[in-house]
Amino acid sequence: MISNTINEILNEQINKEFYSGYLYLSMSAHLKELGLCGFASWTRLQAKEEVEHGLKIFDYIINRDSFVTLKQIRTPEFEFQGITSIFNRILEHEQCITRAVMEIAQKAEEESDRTTLNFIEWFIAEQNEEEEAVKNIIKRLELFGDDKVALYLMDKELSKRID
Ligand code: OFO
């Protein structure tokens, strides 16, 4: 069984992960409207991944004989100012999630809860990967600026993501 503090922070994290999914879906819809099907598909797959993250925590709480408390998921943003700003927003959001994950690790450490610490390490590595992937996309978007051919090629490339 995990402590109340850890239980609470993990339940909050489930909500953050599901909210991330909502945010990515909202972005995906917008990107699809713009005709950027590859970017839309990339963010949609990311949404799916976020739900999986939430479920991973959901299962962990239950496996530790604790209680899952699902909270309301807030409405995601739905107005965006162009492709680069969407990816800057993603980076900002992921950095915020990274801080939340680090806080869980910190709390687990304070409580000498090595099982949670071990569990959350997967998320720390995952956050690092996600931030890196988004930074690479931003770098290229900034580099190519308004070049439509480059955007077309990037869209094509991102459409190849399968999971
Ligand atoms: Fe769950 O990794 Fe992004 O938010």
Do Asn11 and Asn7 have a side chain donor and acceptor closer than 3.5 Å? yes
Which pairs, with at least one residue in residues 92-101 and sequence neighbours excluded, count as a salt bridge (charged side-chain N to carboxylate O under 4.0 Å, His left out)? Arg89-Glu92
Output for pair (Gln95 CD, Ile97 CD1), nearest 0.5 Å, gives 11.5 Å
Where does the angle between the aromatic ring planes of Tyr24 and His93 fall among parallel (under 30°), tilted (30 to 60°) and perpendicular (over 60°)? perpendicular
Check the pair Trp122 / Tyr60 against ring-ring contact (aromatic ring centres under 6.0 Å, His included), numbers first and verdict last. CA-CA 12 Å; Trp122 181 90; Tyr60 175 74; over 10 Å; no
Heavy-atom count check: over 12 atoms from other residues, nucleotides or ligands less than 6.0 Å from Phe67 CZ? no
Atom CZ of Phe123 and atom CD1 of Ile104: how far apart are they, to the nearest 0.5 Å? 8.0 Å
Can you establish whether the number of heavy atoms outside Lys71 located under 6.0 Å from its atom NZ is more than 12? yes
Separation between CD (Glu130) and CG (Asn128), nearest 0.5 Å, reads 10.0 Å
Atom CD of Glu8 with >12 non-hydrogen neighbours under 6.0 angstrom: no
Evaluate side chain to side chain contact (heavy atoms under 4.5 Å, CB included) for Phe78 paired with His30, printing each intermediate quantity in order. CA-CA 8 Å; Phe78 50 84; His30 181 76; over 6 Å; no
Check whether any side-chain heavy atom of Ile137 sits under 4.5 Å from a side-chain heavy atom of Met154, and report yes or no. yes
Give a yes-or-no answer on whether the side chains of Glu131 and Gln127 include a donor-acceptor pair shorter than 3.5 Å. no
